[in-house]
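Here is how names work: the chains are called A, B, and so on, in the same order as the sequence lines, proteins then strands, and each is numbered from 1. Fair warning: this is a prediction, and the values are worked out from it, not measured in the lab.
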Amino acid sequence: MSSAHTPDGAHHRAHATARNTVTVLLFARAAELLEADQVALDLGPGSTVGDVERRLRELPGGLRLPAGSRIAVNQQFAEPNQPVHAGDEVAVIPPVAGG
Amino acid sequence: MIRIAVVQQPVNVSALVAEAQAPAHGAVVLFAGVVREQNEGRAVRGIEYRAYEGMARAELGRIAEEAASAHAVETIIVEHRIGALEVGDVSVAIVAAHAHRQPALRAMEQVIEQLKARVPIWKRELYVDGTREWVDPTRAARAEPQPFAVPEARP
């Protein structure tokens, strides 16, 4: 998805001096453990879902985030190598329990 | 016709069945998930459902489209209720209709199984003893408690 935003190396990075701030939505146990409904992360240019996961684990309470939590980007589950851009809707999805 | 909803008010299952009925449909299948009075030996007073509503609707839509396509079923309705529910309340209803029963049954089963695996809705059980706890259906199967560490295989 969002192939229009795929960073193409040098050209992209040369203009990426501005910070890449991403708001991460938190739900259920993730919200309780981090004591917030959302957190803002300053990510470097070219950051990925894996970087978001690392930064979240570094937050107070982050290591206690539920095992099996996944990251969604723009309302779809995302793989660790997926790029994250400023303005993306990023969310922590703890193990779901609908039904 | 595929229709998805995340609702606050009670789910009217007979209205959903009526909505799916049509002269061409020889089979209308209903699954209703209902709040149960106990879980893992603990007496349950009620369940609080929370959702990431936008993604829940998006994921339910994808799931319904997949099931419709896999079983050549054109009519699928899914309503999931959120908020505070009591024992006996319907939390989710899935209706699938087809000329014959097998495609309708299979489509319904695929939707509920995928819903439980993929839709960002959470429940916190309120127990009769006054305590409450988020439900994690995957916890028992996991050995190493590391957030994000193990990407899970999804069907």
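When hydrophobic clusters are built by joining Ile, Leu, Val, Met, Phe, Trp and Tyr residues whose side-chain heavy atoms come closer than 4.5 Å, directly or via intermediates, Leu30(B) is not grouped with Ile4(B). Hydrophobic clustering (side-chain heavy atoms under 4.5 Å, transitive across Ile, Leu, Val, Met, Phe, Trp, Tyr) groups Ile94(B) together with Ile82(B). Using a 4.5 Å cut-off between side-chain heavy atoms of Ile, Leu, Val, Met, Phe, Trp and Tyr, with links allowed through other members, Leu115(B) and Leu85(B) fall into the same hydrophobic cluster. Under a hydrophobic clustering in which Ile, Leu, Val, Met, Phe, Trp and Tyr are joined whenever their side-chain heavy atoms come within less than 4.5 Å, directly or via other members, Val92(B) and Ile77(B) fall into different clusters.
Evaluation of the side chain to side chain donor-acceptor pair (under 3.5 Å) rule for Thr48(A) yields Asp51(A) as partners, not counting sequence neighbours.
Counting heavy atoms from C-beta outward, Val92(A) and Tyr52(B) have side chains that stay 4.5 Å or more apart. Within the 4.5 Å cutoff, the side chain of Met55(B) has no heavy atoms near those of the Asn74(A) side chain. Arg62(B) is listed as a side-chain neighbour of Gln76(A), based on a closest heavy-atom distance under 4.5 Å. Considering only heavy atoms from C-beta on, Glu133(B) stays 4.5 Å or farther from Arg29(A) through its side chain. Pro120(B) has its side chain out of reach of Phe27(A): every pair of non-hydrogen atoms, C-beta onward, lies at least 4.5 Å apart.
Shown here is Arg42(B), whose CZ atom has more than 12 heavy atoms of other residues, nucleotides or ligands within 6.0 Å. Within 6.0 Å of atom CD in Glu37(B), 12 or fewer heavy atoms from other residues, nucleotides or ligands are found, so the atom counts as exposed in its surroundings. Sparse packing is recorded around CD of Glu109(B), with 12 or fewer heavy atoms of other residues, nucleotides or ligands lying under 6.0 Å away.
Put simply, the side chain of Ser91(B) gets close to the backbone of Gly99(A): a donor and an acceptor are under 3.5 Å apart. With Trp122(B) contributing its side chain and Gly98(A) its backbone, the two residues share no donor-acceptor pair below 3.5 Å.
Within the 4.5 angstrom heavy-atom criterion, atoms from both the backbone and the side chain of Val135(B) approach chain A. For Arg124(B), the part sitting under 4.5 Å from any heavy atom of chain A is the side chain, from C-beta outward, and nothing else.
Across Ala56(B), Ala58(B), Gly54(B), Ala51(B), the residue that shares the most heavy-atom pairs under 4.5 angstrom with chain A is Gly54(B).
The two atoms that bring Phe77(A) and Arg118(B) nearest to each other are CE1-O, 3.2 Å, heavy atoms only.
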